[in-house]
There are 2 protein chains.
Amino acid sequence: MVNSQLGTEEKILEAAKKVFHRKGYEGARMQEIADEAGINKALLHYYFRSKEKLFEAVFEDALSGIMRLVSTIFFSDKPLKDKIQSFLCSYLNIITENSYIPWFIINGIYERPEQIKAIFDKQDINPLQLMKLLKSQVRKEYGVDINPFQIWLNVLSLSVFPVIAKPLVREIFRLSEETYNQLMEERKELVPELIINALKAYEKGEN
Amino acid sequence: MVNSQLGTEEKILEAAKKVFHRKGYEGARMQEIADEAGINKALLHYYFRSKEKLFEAVFEDALSGIMRLVSTIFFSDKPLKDKIQSFLCSYLNIITENSYIPWFIINGIYERPEQIKAIFDKQDINPLQLMKLLKSQVRKEYGVDINPFQIWLNVLSLSVFPVIAKPLVREIFRLSEETYNQLMEERKELVPELIINALKAYEKGEN
DNA sequence: GTCTATATTGTGATAGAC
DNA sequence: GTCTATCACAATATAGAC
């Protein structure tokens, strides 16, 4: 049950986030969202018309959140290593309270590719700008020319995958919640070093 | 429509793979599987009794495939870098024809945690054995003591995430299928180097 | 705006003929 | 073993009272 201080629309949105984040579009049930919000199904349709529209609102919220985080950090003027570390820390802290979001976003494009593509088209942040910046920053700080998409894939992979695969990895190796969180904590140092080391190695190889 | 040379049970299983891999449990429809197999719904139940059981067969197949690949490569006696590279190459080649499998497996534990845990319990390969081997191999080859889980997380992250996130990344940056595949091809060299560089850097730092 | 009741369709599963 | 027909129920969505 969601905080009853909120207006009805907000209550619905908060409930919908909880359910969609956890179950995805196909797995989510309007009834469950209504229960979670402490209202009945009819009101969901009164405010959002359809499951599809409600999902859209939830997805847009999650997407804009992560995009805002990325652009705030990576369009700043800190050294690259600091950016990567800030991103990782902020990301992991957000995820602590909302660990289903990364899966939810990736899952979205598998479940509803057309709808999600339309949502992306509405975003105003230009991701190619970020790649340009990344490329020039690497050239300036490390004196090497590297495909920025590869660096970005590395950053995302090392940051996001361990969060998404957490339930699976925990099950495979029988790791406690605590043990796994400890691993993630260590990665806040380890991942930036890994990526920067690679750039430095490249730097030496080039000269 | 699946190859009509196969027996009915095999036809069903192949059709079920196609549909479940692509849509997951919740998104899949028994009707669609029947159509894909060129038979009717009743036969699905005749052979597999329920959607749950059919899903179980498909999931076990996918899981045992990837586990067999991992253990074949990592329990061999090649140098670590060769193992990582072999894994990445084999993995990416398999994925080329079956690009939904990584998502399907991770998604499974979000959609059906209890069922998937039971399937894991039936697997006979011991993953902790692999971590022990990894740890001792790193100590022998690089003279450093590192938490093998971190190394393994890095290998998996850098190999698997770019496959899972492919539809999303392609959409965000408007990359063609061809361009993205080219990126992946480059990673067959890039990723092993990245991981090995990190170990070498650690080696120097320790001495 | 919010509720109850209901329409409508989708979907897993089974019965029973052949 | 395979099919058609159908059940039983779940799920989205709407009608209409208050």
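Scope of the values below: all heavy atoms of this structure, side chains included, with no hydrogens, waters or symmetry mates. Residue numbers begin at 1 in each chain, while the letters A, B, ... track the order of the sequences.
- Taking atom CZ on Phe20(B) and atom C1' on dG12(C), their separation rounds to 11 Å, with Å as the unit.
- Taking atom CG of Leu44(B) as the reference point, atom P of dT11(C) lies 14 Å away to the nearest angstrom.
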Note to self: Can you build the contact string for nucleotides 3-18 of chain D? Use B for base contact, S for sugar-phosphate-only contact, and - for no protein heavy atom under 4.0 Å.
What the structure shows: BB------SBBBB---
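- Phosphate proximity of dT2(C) to Thr8(A): present, with a side-chain N or O under 4.0 Å from OP1 or OP2.
- Ring centers of Phe55(B) and Phe20(B): under 6.0 Å apart, within the cut-off.
- Among pairs with a residue in residues 61-82 of chain A, those fulfilling salt bridge (charged side-chain N to carboxylate O under 4.0 Å, His left out) read Lys17(A)-Asp61(A), at least two apart in sequence or across chains.
- Annotation: ring pair (Phe, Tyr, Trp, His ring centres under 6.0 Å) contacts involving residues 110-133 of chain A, sequence neighbours excluded, comprise Tyr110(A)-Tyr100(B), Tyr110(A)-Trp103(B).
- By the salt bridge (Lys or Arg N to Asp or Glu O under 4.0 Å) test, Glu52(B) is found to be paired with Arg112(B), residues two or more places apart in sequence or in another chain being considered.
- Under the salt bridge (Lys or Arg N to Asp or Glu O under 4.0 Å) criterion, Lys51(A) pairs with no residue at all, not counting sequence neighbours.
- Glu9(B) has its CD atom 10 Å from the P atom of dT2(D), to the nearest Å.
- Tyr180(A) meets the side-chain contact (heavy atoms from CB on, under 4.5 Å) test with Pro162(A), Lys166(A), Val169(A), Arg170(A), Leu175(A), Leu183(A), Met184(A), Leu153(B); sequence neighbours excluded.
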